[in-house]
Amino acid sequence: MYDWANSAFVTTMIAAVMPVYYDKVAGKGLGDNVTTVYWANTQSIAALIVAILSPILGAIADFTGSKVKFVSFFAILGSIACLLSALVGEGDWLLASVLVIIGTIGFAAGNTFYDALLVDVAAPQERDKVSAQGYAWGYLGGGVLLGINVAMIQAWDTFGFSSSESATRTVFVTVGVWWLLFAIPIVRNVKERKPEVGTSAGQAIKQAFTRLAQTFRRIKHYPELLKYMIAFWFFNDGINTVIVMATAYGSSIGIEMTDLIAALLITQIVGFPSTLLFGRYAAKLGAKKLLYFSLAVYIFIVTLGFFMENATHFYILATMVGLVQGGSQAIARSIYADLVPQVRAAEFFGFLTISSKFSSVAGPFVFALVAGNTDSSRIGILSLIAFFIIGIVLLRYVNLNKGKQEALAEERV
């Protein structure tokens with residue numbers, strides 16, 4: 001249900017509504033190119049802050065047994081940012097940027113602890129299924145609220161609003177309320193393993209830095225985990241670049257905004273059942289095989305994207321993305337959870353967060369570099385194939401069974 005709760009932030013605040021509002025209202029008068037740069041900088045600043053904070057906060061959460069408390073704190077922080085976004089008016093680009101940064105911190109930092117809870121709530125043989133269910137319900141929840149939000153904006157007079165802008169401001173409020181409301185189940189019901197010895201806040205912070213340094217030193221003791229992380233950096237960067245560049249790419253070749261939003265809804269709707277299927281068949285077919293399959297589909301998607309001409313093509317690609325996006329992310333998360341020592345789960349998920357945040361610069365950079373030098377966004381999108389191919393090749397060298405044994409050895413110690 002927490003996936004259901006915070007996925008609305010991604011769909012409405014990051015992917016669909018806020019980017020348009022930022023460009024047309026908050027950044028009014030700045031110019032199209034300037035607002036685009038400011039929006040990109042906003043995302044970069046938020047990612048950098050999360051990258052720096054996550055491993056430290058993860059170590060603290062592990063040492064104090066407070067992952068649920070951190071999830072609660074960041075859920076409240078992100079929700080408040082969404083609620084306050086209703087105050088953003090014409091020319092308030094700085095306020096909008098600050099609130100988006102705060103909201104992104106709430107979403108991404110909270111997910112570091114939420115992901116780490118997987119080892120507390122699910123046995124190893126159940127993690128693929130549970131992880132997939134989370135992503136699936138996230139797709140459905142984010143899609144449901146986005147559908148409502150789009151209806152509010154498009155038919156603002158029917159809903160009793162004075163203008164489309166007024167309806168959009170109310171949309172931001174609905175995201176904050178949605179996030180808070182559906183975060184209640186995880187806060188009230190999920191129990192994590194507590195450390196054997198209690199500690200003060202000061203001791204926790206000191207120990208956090210100590211454990212973070214140990215993580216960097218000890219990563220060599222988990223060679224299969226290290227190999228998997230390197231593979232993850234590549235294929236995850238490819239997936240994330242497809243996500244963040246899809247709207248911009250579609251717009252650059254003439255796809256209308258209404259079609260872009262409709263395609264996003266299709267991705268959410270298709271993503272729900274397909275992600276559940278990934279979780280169901282992971283144990284039968286093998287998580288690694290399913291991950292191979294999803295990455296191969298992404299190569300096909302990017303190739304077709306090169307030839308895309310109209311909205312119908314974009315809808316087809318959106319459907320294909322929905323078939324594999326949630327499943328690939330869920331499987332990748334559960335595999336990582338199996339390879340990390342459970343007593344350091346939040347710490348290692350934080351380590352993955354910071355490393356993947358820094359590595360994620362490569363995808364958009366390569367896209368921009370290739371597209372700029374060739375003066376073709378089509379060739380830019382085609383360049384992403386390299387990330388998936390490299391990821392698949394590196395993944396072949398990861399021995400999951402050996403990696404699980406390495407993690408269990410740490411548990412016995």
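Of the candidates Y139, W137, F278, W137 is the only one forming a ring-ring contact (aromatic ring centres under 6.0 Å, His included) with F272. Evaluated for a side-chain hydrogen bond (donor to acceptor under 3.5 Å, both in side chains) with S131, the options Q329, R333, E126 yield exactly one hit, R333.
In this structure, the side chains of V71 and V187 stay at 4.5 Å or more apart for every pair of heavy atoms. Between T11 and Q268 the shortest side-chain heavy-atom distance falls below 4.5 Å. Counting only heavy atoms from C-beta outward, the side chains of L295 and I299 never approach each other to under 4.5 Å. Using a 4.5 Å heavy-atom threshold, the side chains of M152 and T174 count as touching. Proximity of E406 to H221: side-chain heavy atoms (C-beta onward) are nowhere separated by under 4.5 Å. For the pair F74 and N111, the minimum side-chain heavy-atom distance is 4.5 Å or more. Side-chain contact between L99 and L87 is absent, with no heavy atoms from C-beta onward closer than 4.5 Å. When side chains are defined from C-beta on, L304 counts as touching M320, because their heavy atoms get closer than 4.5 Å.
In this structure, Y222 and F348 have perpendicular ring planes: the angle between them is above 60°, well past the 30° mark. Note: F387 and F234 have tilted aromatic rings, judged against thresholds of 30 and 60 degrees for the angle between ring planes. Relative ring orientation between Y21 and F172 is described as perpendicular, the plane-to-plane angle rising above 60° on a 0-90° scale split at 30° and 60°. The aromatic rings of Y38 and W93 lie tilted to each other, with the angle between the two planes from 30° to 60°.
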Where do I385 and T303 land on the side chain to side chain contact (heavy atoms under 4.5 Å, CB included) test, with the steps shown first? CA-CA 8 Å; I385 290 178; T303 303; 3.5 Å; yes

Decide side chain to side chain contact (heavy atoms under 4.5 Å, CB included) for S328 and L291; before the verdict, give the C-alpha distance in whole Å, the side-chain angles of both, and the deciding distance to 0.1 Å. CA-CA 6 Å; S328 61; L291 188 54; 4.3 Å; yes

Q. Would V324 and I301 count as a side chain to side chain contact (heavy atoms under 4.5 Å, CB included) if you check the C-alpha gap in whole Å, the side-chain angles of each, and the deciding distance to 0.1 Å?
A. CA-CA 10 Å; V324 296; I301 289 171; 4.3 Å; yes

field: Derivation and outcome, side chain to side chain contact (heavy atoms under 4.5 Å, CB included), residues R396 and Y292
entry: CA-CA 9 Å; R396 288 180 59 85; Y292 280 139; 3.1 Å; yes

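Under the 3.5 Å distance criterion, the side-chain polar atoms of N189 are matched with a main-chain donor or acceptor of P185. Remark: side-chain polar atoms of R127 are not paired, donor with acceptor, to backbone N or O of S334 under 3.5 angstrom. Here the side chain of S274 pairs a donor or acceptor atom with the backbone of G322 at under 3.5 angstrom. Under the 3.5 Å distance criterion, the side-chain polar atoms of S66 are left unmatched by any main-chain donor or acceptor of K69. The main-chain N or O of W4 is never found under 3.5 Å from a side-chain atom of S7 such that the two would form a donor-acceptor pair.
When every heavy atom of S164 is checked against every heavy atom of I153, the shortest pair comes out as OG-CG2, 3.5 Å. Across every non-hydrogen atom of T275 and A132, the tightest pair is CG2-O, 3.1 Å. Between L395 and A231, the shortest heavy-atom contact is N-CB, 3.8 Å.
Here the two rings, on F232 and F235, have centers that are under 6.0 Å apart. Note: Y298 and F388 meet the aromatic proximity criterion, with ring centroids under 6.0 Å apart.
A distance of 4.0 Å separates CD1 of I14 from CZ of F9, quoted to the nearest 0.5 Å. With values rounded to the nearest 0.5 angstrom, I49 atom CD1 is found 9.5 Å from T104 atom OG1. The structure places NZ of K404 at 13.0 Å from CG of L225, a figure rounded to the nearest 0.5 Å. Interatomic distance, L77 CG to C82 SG, rounded to the nearest 0.5 Å: 10.0 Å. If you take CG on N149 and CG on L145, they are separated by 4.0 Å, rounding to the nearest 0.5 Å.
Checking D3 against Y114 by side-chain atom types alone, a donor-acceptor pair falls below 3.5 Å. Inspection of the S97 and T42 side chains reveals an N or O donor paired with an N or O acceptor under 3.5 Å. A side-chain N or O of Y2 and one of W179 form a donor-acceptor pair less than 3.5 Å apart.
A salt bridge is defined here as a Lys NZ or Arg NE, NH1 or NH2 lying under 4.0 Å from an Asp or Glu carboxylate O, and D120 with K67 meets this definition.
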